[in-house]
Amino acid sequence: MINIVQDVRAFVVAAIDDLISQGVLPQGLDLARIAVEPPRDPAHGDLATNAAMVLAGAVKQNPMALAEQIAPAMMAREIETGDYCGHGLVVTPARPGFLNIRLAPEVWHAQLRAVLRAGTSFGDSRLGAGERVNVEYVSANPTGPMHVGHGRGAVVGDALSSLLAKAGFAVHREYYINDAGAQVDILARSLYLRYCEALGEDIGAIPEGLYPGEYLVETGRALAARDGGKWLDRPESEWLGPLRDFAIEEMMALIRDDLTALGVHHDLFASERRLVNEGAIDECLAALDRRGLIYTGVLEPPKGKTPEDWEPRPQTLFRATQFGDDVDRPLKKSDGSWTYFAADIAYHRDKFRRGFANLIDIWGADHGGYVKRMQAAIRAVTDGKAALDVKICQLINLFDKGAPVRMSKRAGTFVTLREVIDEVGKDVFRFIMLTRRNDQPLDFDFAKVTEQSKDNPVFYVQYAHARAASVMRHATEAFAPAELSDTALIDAPLDRLTDPAELALIRQLAQWPRLVEGAAEAHEPHRIAFYLQDVAAQFHMLWNKGRDEATLRFILASDPELTRARLALVRGVAIVVASGLAVIGVEPVEEM
RNA sequence: GUCCCCGUAGCUCAGCCGGAUAGAGCAACAGUUUCCUAAACUGUGGGUCGCAGGUUCGAGUCCUGCCGGGGACGCCA
């Protein structure tokens, strides 16, 4: 009875099966569409099912009449099996044909016990059944430190990975290093200048088209320290390769540091260059070619915004249109090297060959136009056996006290991810990243996110956990520590929890397993952040009620048994909050 | 021109494989406030869910068209 909603649904189906075996309802009904969910209006009970409305058509009865038959069948089953404490289930047919289900308080008390028993593993699910999922995220070019936009992708990918793991998937986290394209050559040239600079040469301004970032100054010095002046008067053809290797290694070290600071880790850093060197791209495209999916053709110029230097030219194209894309896509550049797309096809094929049919990529907003072609390519390359879901992360708008923080790489007012983390802390950054859906732009205000007030969701949720811990600390004045452990509190007289606000809070906690499954299926980690805010709000509300009404306080010197029951609830809140924060990757605090 | 995302209260946004009278925070208004942790609390008002059709027992949610905002659109990644 870990997932109450799932459990009740099974019960509803069982009751309908009873009616079928009694001959009241016909055989062969499709029960798949039967849903059980908590109604919006609490007056409609704890849970509601649409069973009667869904079956009405097949049974040729009106939904209300059918509901009138199912309701007693459910209650009869309950009395017979005692699944919900016996007589603990009241089913009421309602207007269009809903069946409103009210569960006895004992059922909810049992839920709270389940929370205490499970600890932060409460909400773990077997939904994924161990299926392998590959989540690729960040994949920032190794040309400099990460910016806040990368940070968003990092958090979304990391939280989604943890969420899927909690839901029972075998998650593999990957970072794709774009270390083979023209960008890393530019990086190498930029480094060469800094290297010369480190050896005392006057390099003047960094030319247009190279990376001007200060972060390369130190890399230049490091290179000078390692190699001395050996590259100084050599032609580019000699130093380009070695400097590129050095630069990539240094940049990746920088990026890994940033990721560590953010608490993000990957299982695999996959190198594009390695795929190129191993011939994986040639092999992959040869395979496509054999199937007639590659041809030489001339593309229409893009409508609306035709580049000035446009000229029709035959290209090596992939028949993406055969797999749902809008146009066929180029695989080779004019200099004969593979496009990024070509390499990416090979990379995704490689993932599939490593045993992943369930692929998720986290991309920045600027890659939105790339989704269809990648999905098309994956269909082609895996024969439709793998599916790719792409989560697009929208931009972050930085503010400070309401004033926009202008960012420009050229003007040097570029804000790196590291600066933000150092300023507000990784936990704040991570939580805020999930306070919007990933495909929605996000405002990030340095002043607001560190504010200690109800308006700040991070603070609000953290404070709920800290407040729970505080209550437990207070309780040590009246109880021995052994009496306050979660195992001890399982045996507290939970039937003393009768206030509607207390029961509402337990119901909220009991939603956690269902929320995990829903969020995991939808690939939407932000739901966790929203849920935690709801839990925190209910908990704070209950705490505040104790200010007006002393009898509702958690700790009552006059009634140790009731106090223990309420402490069990307090612990339940702390456990669920901690369980949710663990998925997001935020440390729950004991005090603030 | 094509494709993708978005359009929900004055503002910022949720809305869980369609479900019953569409929610939260902020702002506004009205009150309360020395209380287990203080960084407030309680309550009230406020929405043709961009527009128009369609699908069905039922649509903010699905389909089509339009309007508006953002983004992408050969040899960048």
Side-chain angles (χ1 to χ4, degrees), chain A residues 33 35 37-41 43-44 48-50 53-54 56-57 62-63 94-98 100 139-141 143 178 180-184 186 272 298-305 307 309-313 315 317 325-327 329-330 332-337 339-341 343-344 364-372 392 394-395 435-437 439-441 443 451-457 459-460 463 466-467 469-471 473-475 477 511 514-515 517-519 521-522 524 526-527 530-531 533-534 537 540-541 543-548 550 553-557 563 570 591-592:
Chain A
R33 286 178 58 219
E37 55 183 13
R40 254 198 295 254
D41 186 347
H44 293 137
T49 177
N50 60 356
M53 291 184 289
V54 168
N62 79 61
R95 222 186 327 147
F98 284 102
N100 292 332
S139 299
N141 288 343
T143 55
N178 301 132
Q183 300 293 328
V184 286
I186 295 173
E272 177 185 3
V298 179
L299 287 178
E300 295 284 305
K303 299 278 173 71
K305 193 190 74 177
D309 59 348
W310 169 268
E311 48 182 285
R313 148 183 320 174
Q315 289 179 289
L317 300 172
D325 200 359
D326 306 308
V327 289
R329 305 291 181 176
K332 266 189 185 173
K333 302 180 199 169
S334 50
D335 68 1
S337 63
T339 59
Y340 175 79
F341 179 49
D344 217 6
D366 51 340
H367 291 56
Y370 197 76
V371 176
K372 269 194 172 181
I392 294 294
Q394 270 298 340
L395 303 176
T435 53
R436 285 282 179 283
R437 295 173 42 151
D439 51 9
Q440 203 74 239
D443 290 347
E451 192 176 272
Q452 299 207 338
S453 81
K454 191 174 181 299
D455 310 348
N456 179 355
F459 172 79
Y460 196 59
Y463 189 39
R467 177 170 265 173
S470 163
V471 172
R473 282 194 295 273
H474 271 268
E477 291 166 17
Q511 291 302 316
R514 178 169 178 268
L515 190 112
E517 293 192 345
E521 274 185 315
E524 291 186 352
H526 74 275
R527 288 191 199 176
F530 281 92
Y531 170 77
Q533 291 181 67
D534 289 343
H540 290 312
M541 194 190 302
W543 190 91
N544 282 312
K545 276 183 100 172
R547 305 204 307 179
D548 299 336
R553 293 194 188 171
F554 297 133
I555 298 174
L556 292 172
T563 299
V570 170
E591 51 190 323
M592 306 189 75

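Lettering of chains follows the sequences in order, A, B, ..., and the numbering in each one begins at 1.
With sequence neighbours excluded, no residue satisfies salt bridge (Lys or Arg N to Asp or Glu O under 4.0 Å) with A/Glu517. The side chain to side chain contact (heavy atoms under 4.5 Å, CB included) search around A/Asn141 returns A/Thr143, A/Asn178, A/Gln183, not counting sequence neighbours. Contacts of A/Arg313 classified as salt bridge (Lys or Arg N to Asp or Glu O under 4.0 Å), with partners at least two apart in sequence or in another chain: A/Glu311. Residues passing the side chain to side chain contact (heavy atoms under 4.5 Å, CB included) test with A/Val570, sequence neighbours excluded: A/Ala468, A/Val471, A/Met472, A/Phe539, A/Phe554. Checked against side chain to side chain contact (heavy atoms under 4.5 Å, CB included), A/Met541 has no partners two or more places apart in sequence or in another chain. Under the salt bridge (Lys or Arg N to Asp or Glu O under 4.0 Å) criterion, A/Lys372 pairs with A/Asp326, sequence neighbours left out. In terms of the salt bridge (Lys or Arg N to Asp or Glu O under 4.0 Å) criterion, residue partners of A/Arg527 (sequence neighbours excluded) are, by chain and number, A/Glu524. Take A/Asp439 and apply the side chain to side chain contact (heavy atoms under 4.5 Å, CB included) test, not counting sequence neighbours, and it matches A/Arg437.
A 4.5 Å side-chain heavy-atom check between A/Gln452 and A/Tyr463 finds every atom pair outside the cut-off.
Comparing B/G10 with B/A28, their C1' atoms sit 9 Å apart, to the nearest whole Å. Spacing between B/G25 and B/U61 at atom C1', rounded to whole Å, works out to 23 Å. A gap of 11 Å separates the P atoms of B/C51 and B/A9, to the nearest Å. For the P atoms, the distance linking B/G71 with B/C16 amounts to 27 Å, nearest Å. If you take atom C1' in B/C75 and the same atom in B/A14, they sit 44 Å apart, rounded to whole Å. For the P atoms, the distance from B/U32 to B/A24 is 24 Å, rounded to whole Å. Taking the C1' atom of each, B/C49 and B/G68 are spaced 16 Å apart, rounded to whole Å. The P atoms of B/C35 and B/U21 are separated by 45 Å, rounded to the nearest whole Å.
Judged by centroid separation below 5.5 Å and plane tilt below 30°, A/Phe98 stacks onto the base of B/A20. For B/A77, the base is not stacked against the aromatic ring of A/His367, per a cut-off of 5.5 Å between centres and 30° between planes.
Note: A/His44 NE2 to A/Phe98 CZ = 8.5 Å, rounded to the nearest 0.5 Å. Atom NE2 of A/His540 sits about 5.0 Å away from atom OH of A/Tyr460, to the nearest 0.5 Å. Here the CZ atom belonging to A/Arg436 is positioned 10.5 Å from the NE2 atom belonging to A/His526, to the nearest 0.5 angstrom. If you take OG1 on A/Thr563 and CD1 on A/Ile555, they are separated by 7.0 Å, rounding to the nearest 0.5 Å. Rounding to the nearest 0.5 Å places CD of A/Gln394 at 9.5 Å from CG of A/Asp366.
Residue A/Ala537 is out of contact with every strand shown, counting any heavy-atom pair closer than 4.0 Å. Using a 4.0 Å heavy-atom criterion, one finds that A/Gln452 contacts the bases of the nucleic acid, with or without backbone contacts as well. No contact: A/Lys332 has no heavy atom under 4.0 Å from any strand. Contacts of A/Ala94 with the nucleic acid, taken as non-hydrogen atoms under 4.0 Å apart, include base atoms.
Within 3.5 Å, no donor on the side chain of A/Asn456 pairs with an acceptor on the base of B/A39, nor the reverse.
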Restricting both atoms to N or O, compile the protein contacts to nucleotides 6-14 of chain B shorter than 3.5 Å, with distance only.
residue : atom : partner  : partner atom : Å
B/C6    : OP1  : A/Arg437 : NH2          : 3.4
B/U12   : O2'  : A/Arg436 : NH2          : 2.3
B/C13   : O5'  : A/Arg436 : NE           : 3.1
B/C13   : O5'  : A/Arg436 : NH2          : 3.4
B/A14   : OP1  : A/Arg437 : N            : 3.2

Every protein N/O lying under 3.5 Å from an N/O of nucleotides 26-37 of chain B:
residue : atom : partner  : partner atom : Å
B/C36   : O3'  : A/His474 : ND1          : 3.3
B/C36   : O3'  : A/His474 : NE2          : 2.8
B/C36   : O2'  : A/His474 : ND1          : 3.3
B/C36   : O2   : A/Ile555 : N            : 3.4
B/C36   : N4   : A/Trp543 : O            : 2.7
B/C36   : N4   : A/Trp543 : NE1          : 3.2
B/U37   : OP1  : A/Ser470 : OG           : 3.1
B/U37   : OP1  : A/His474 : NE2          : 2.1
B/U37   : OP2  : A/His474 : NE2          : 2.1
B/U37   : O2'  : A/Tyr463 : OH           : 2.8
B/U37   : O4   : A/Arg473 : NH2          : 2.5

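Atom CG in A/Asp325 sits about 17 Å away from atom P in B/A72, given to the nearest Å. Distance, A/Tyr460 OH to B/G25 C1': 9 Å, rounded to whole Å. Distance A/Lys333 NZ to B/C75 P: 9 Å, rounded to the nearest Å. For A/Gln533 and B/C16, the CD to P distance is 17 Å, given to the nearest whole Å. When the C1' atom of B/C17 is taken as reference, atom CG of A/Asn50 falls 12 Å away, rounded to whole Å. One can place CD1 of A/Ile392 at 18 Å from P of B/A77, the figure rounded to the nearest angstrom. Spacing between atom CZ of A/Phe341 and atom C1' of B/A72 amounts to 15 Å, rounded to whole angstrom units. Rounded to whole Å, the distance from CD on A/Gln183 to C1' on B/C75 is 14 Å.
Projected onto RNA chain B by closest heavy-atom contact, A/Arg329 and A/Pro38 fall at different nucleotides, the more 5' of which corresponds to A/Pro38. In terms of position along RNA chain B, the nucleotide closest to A/Asp326 lies nearer the 5' end than the nucleotide closest to the other residue of the pair A/Ala48 and A/Asp326.
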(request) Please report the C-alpha distance between A/Glu591 and A/Arg473 in whole Å, then the side-chain angles of each, then the deciding distance to 0.1 Å, and finally whether the side chain to side chain contact (heavy atoms under 4.5 Å, CB included) criterion is met. (result) CA-CA 10 Å; A/Glu591 51 190 323; A/Arg473 282 194 295 273; 3.6 Å; yes

(message) For nucleotides 56-70 of chain B, give me one character per nucleotide, 5' to 3': B if any protein heavy atom sits under 4.0 Å from the base, S if the only such contacts are to the sugar-phosphate, - if neither.
(response) ---------------

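Helical stems involving RNA chain B, defined as 3 or more consecutive Watson-Crick or G-U pairs under 3.5 Å, span B:1-7 with B:67-73, B:10-13 with B:23-26, B:28-32 with B:40-44, B:50-54 with B:62-66.
Between A/Phe341 and A/Tyr370, the two ring planes are perpendicular [angle over 60°; tilted spans 30° to 60°].
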